[in-house]
Each structure stands twice: as structure tokens, then as C-alpha cells.
Amino acid sequence: MIQFNLLPDVKLDYIKAQRTRRLVFSASFIVSAAAIALLVLMLSIDGLQKKHLHDLSADITSESQTLRKKPNINTILTVQNQLESLTALHDTKPASARLFTYLNQLTPANVSVSSLNIDFAQDTIIIGGNADALSSVNQFVDTLKLTTYTATSNDANHTVTKGNAFSSVVLTGFGLNNASKDKSQAANYTVTLTYDKAIFDITKQVSLSVPSITTRAQLQSPADLFKAGGN
């Protein structure tokens with residue numbers, strides 16, 4: 001079948017223009033509608049957020065007023081804060097129980113202790129006691145001077161530190177107990193020293209390296225470490 005296009009070119013151009021116009025109008029309408037919908041959505045979200053923030057603020061104010069009305073609320077909060085700080089306080093307190101282990105490791109077999117004063121704030125120790133002879137006292141002093149430590153942290157890194165356990169070890173007093181009938185108390189002494197904080201650090205595992213002497217820790221049945229007696 002043969003068809004003939006009898007429309008003039010002007011008419012054809014007009015029809016194409018109309019189609020393009022309708023297409024542009026439709027696209028513009030869709031874009032405008034989408035923009036309006038997005039604007040409405042954004043305004044709705046903004047309004048909801050403001051309302052939510054307002055509600056939260058009102059809830060906070062209401063709960064704060066309720067808490068203020070509770071009796072002894074300041075005391076309760078103070079106790080709670082103190083409980084939360086217990087862990088930190090525990091990590092800073094000295095491991096004082098190690099002192100007796102250290103004394104057994106450090107004290108020669110012929111030396112006893114009758115007085116002990118430790119100052120954890122100044123890191124100092126004053127030891128007083130008796131011995132069978134002044135040579136045993138000197139041995140005790142030398143042992144303290146030469147003792148070293150190895151400390152390993154309890155954290156995941158297991159950091160190891162080493163050093164001298166004691167410093168400024170001074171024999172501040174000594175004498176002979178001529179009136180004593182007990183040969184184990186023939187001499188008396190007073191020793192003042194400074195210790196390294198690490199040996200009493202509760203967050204570390206500590207071991208002492210003591211010079212080769214016969215200490216109470218090495219004896220199967222040592223005599224009493226602590227004995228009453230004056231210097």
C-alpha cells in the first residue's frame with residue numbers, strides 16, 4: 001500500500017514542536033513534583049528532629065528535678081564516685097605484705113629484727129635489731145646495698161624493669177650488748193635505707209636477687225626473725 005504525505009513541511013515542524021513542548025512540560029512537572037516532595041520531606045524531618053530534641057530536653061529537666069527531690073542524693077553520688085575510684089586507688093597502694101618476704105630473704109641467719117619503721121610516702125625504712133656480732137651487722141648492710149630486683153608488669157606488655165632494690169643504706173647506730181647473756185644478741189644495730197618504689201608496686205611481679213649469703217629464707221629451721229630487745 002502506498003501512502004503519500006500531503007502535509008506541508010511547516011505543519012510537520014509545528015507537530016514536532018508540540019511534541020517537544022509536551023515532553024519538556026512533562027519532564028519539568030516531574031522534576032518540580034520531586035523537588036516539592038523532597039522539600040516537604042526535609043521540612044518534616046527538621047520538624048520531627050526539633051520535636052524530638054524538645055522532648056529529650058523536657059525529659060532531662062523532669063528527671064533532674066526528680067533526682068533533686070530524692071533524699072541524700074548528694075551523698076549517694078559521692079559514694080558512687082568513690083566506688084568508681086576504688087580500682088585506681090587499689091593500683092596505687094603499696095604491696096606492703098611483701099615486706100616480710102623480703103626480710104626473710106635479706107636478713108642473715110645471725111641477725112634478728114626488734115623494730116621496723118617503713119614510710120611509704122618517703123620510701124624509707126628504718127630497721128633496728130640485734131646480731132651475734134658486728135660482722136653480721138656489716139654483712140646485713142652489704143646485703144642490702146648489693147640486692148637488685150626484677151619487676152614485671154601485670155599488663156599485656158609484661159614490661160620488665162631492673163635496678164637496685166635499696167639505696168642510701170646507712171648504719172646509723174650500732175653497739176655491743178655486754179650485759180646480754182644471749183650470744184645471739186651480743187650486738188645491736190640501726191639501719192636506715194631508701195627503697196625503690198617498684199619493689200612494692202602492686203601492679204608488678206617482683207623478685208629480688210640477693211648476694212650469696214646464708215639468709216633465714218635458706219634455713220630449714222631458722223630462729224625467730226623478730227625478737228624483742230633494745231638497741
Side-chain angles (χ1 to χ4, degrees), residues 88-154 159-231:
L89 290 174
H90 175 74
D91 289 342
T92 58
K93 74 177 183 180
S96 55
R98 295 176 182 172
L99 178 62
F100 300 100
T101 301
Y102 293 158
L103 284 175
N104 272 312
Q105 292 178 278
L106 295 164
T107 309
N110 297 325
V111 176
S112 62
V113 176
S114 60
S115 65
L116 178 68
N117 186 342
I118 184 167
D119 188 337
F120 287 109
Q122 299 296 324
D123 306 330
T124 58
I125 301 176
I126 301 175
I127 306 173
N130 299 283
D132 63 338
L134 290 177
S135 58
S136 296
V137 174
N138 290 329
Q139 186 184 44
F140 186 28
V141 172
D142 290 340
T143 300
L144 293 170
K145 289 180 179 179
L146 298 175
T147 296
T148 59
Y149 73 88
T150 300
T152 305
S153 62
N154 293 329
T159 304
V160 177
T161 56
K162 297 182 179 181
N164 291 324
F166 308 104
S167 61
S168 303
V169 182
V170 179
L171 182 60
T172 54
F174 63 91
L176 296 175
N177 299 326
N178 295 322
S180 176
K181 296 180 180 180
D182 188 347
K183 293 183 179 180
S184 66
Q185 298 190 30
N188 61 71
Y189 69 90
T190 301
V191 177
T192 302
L193 56 92
T194 300
Y195 64 85
D196 192 304
K197 283 180 177 292
I199 68 173
F200 289 107
D201 191 337
I202 201 170
T203 66
K204 298 178 180 178
Q205 299 295 324
V206 180
S207 62
L208 297 184
S209 178
V210 182
S212 180
I213 63 167
T214 302
T215 62
R216 293 177 176 276
Q218 295 171 319
L219 298 179
Q220 292 183 351
S221 301
D224 292 337
L225 171 62
F226 295 97
K227 289 185 178 180
N231 293 341

- [ ] Taking the side chain as every heavy atom from C-beta outward, state whether Asn138 and Leu171 have any atom pair closer than 4.5 Å.
- [x] yes

Open item on the list: So does Thr194 get a backbone contact from the side chain of Asp123, meaning a donor-acceptor N/O pair under 3.5 Å?
Closed with: no

- [ ] Give, for atom CG of Leu208 and atom OG1 of Thr143, the distance between the pair rounded to the nearest 0.5 Å.
- [x] 12.0 Å

TODO: Report yes if the side chains of Asp201 and Val206 come closer than 4.5 Å at any heavy-atom pair, otherwise no.
DONE: no

Open item on the list: As an exercise, state the distance from OH of Tyr102 to CD1 of Ile199, rounded to the nearest 0.5 Å.
Closed with: 5.5 Å

TODO: Under the salt bridge (Lys or Arg N to Asp or Glu O under 4.0 Å) rule, collect the residues that match up with Asp132, sequence neighbours excluded.
DONE: none

Open item on the list: To the closest 0.5 Å, what do you measure between CG (Leu99) and CZ (Phe200)?
Closed with: 5.0 Å

Task: Where Val210 and Gln105 come nearest, the two heavy atoms and their spacing - done: CG1-O, 3.7 Å

- [ ] Provide the closest heavy-atom pair for Pro108 versus Phe140 in the form atom of the first, atom of the second, distance.
- [x] CD-CD1, 3.4 Å

TODO: Mark yes or no for whether Asn117, through its side chain, and Ile126, through its backbone, hold a donor-acceptor pair below 3.5 Å.
DONE: no

Open item on the list: Looking at every heavy atom in both Tyr189 and Val137, which two are closest together, and how far apart are they?
Closed with: CB-CG1, 3.5 Å

Open item on the list: Minimum heavy-atom separation for Lys204 and Ala151, please, with both atom names.
Closed with: CD-CB, 4.0 Å

TODO: With rounding to the nearest 0.5 Å, note down the distance linking OG1 in Thr172 to CG in Leu193.
DONE: 9.5 Å

Task: Straight-line distance of Ile118 CD1 to Ile127 CD1, nearest 0.5 Å - done: 9.0 Å

Open item on the list: Would you say that Thr150 contacts Ser209 through its side chain, given a criterion of any heavy-atom pair below 4.5 Å between the two side chains?
Closed with: no

Open item on the list: Please identify which of these residues, Leu106, Thr101, Thr107, meets the side-chain contact (heavy atoms from CB on, under 4.5 Å) condition with Leu103.
Closed with: Thr107

Task: Check: Ala131 main-chain N/O paired with Asn110 side-chain donor or acceptor under 3.5 Å - done: no

Open item on the list: Once rounded to the nearest 0.5 Å, what's the spacing between atom NZ of Lys145 and atom CG of Asn164?
Closed with: 12.0 Å

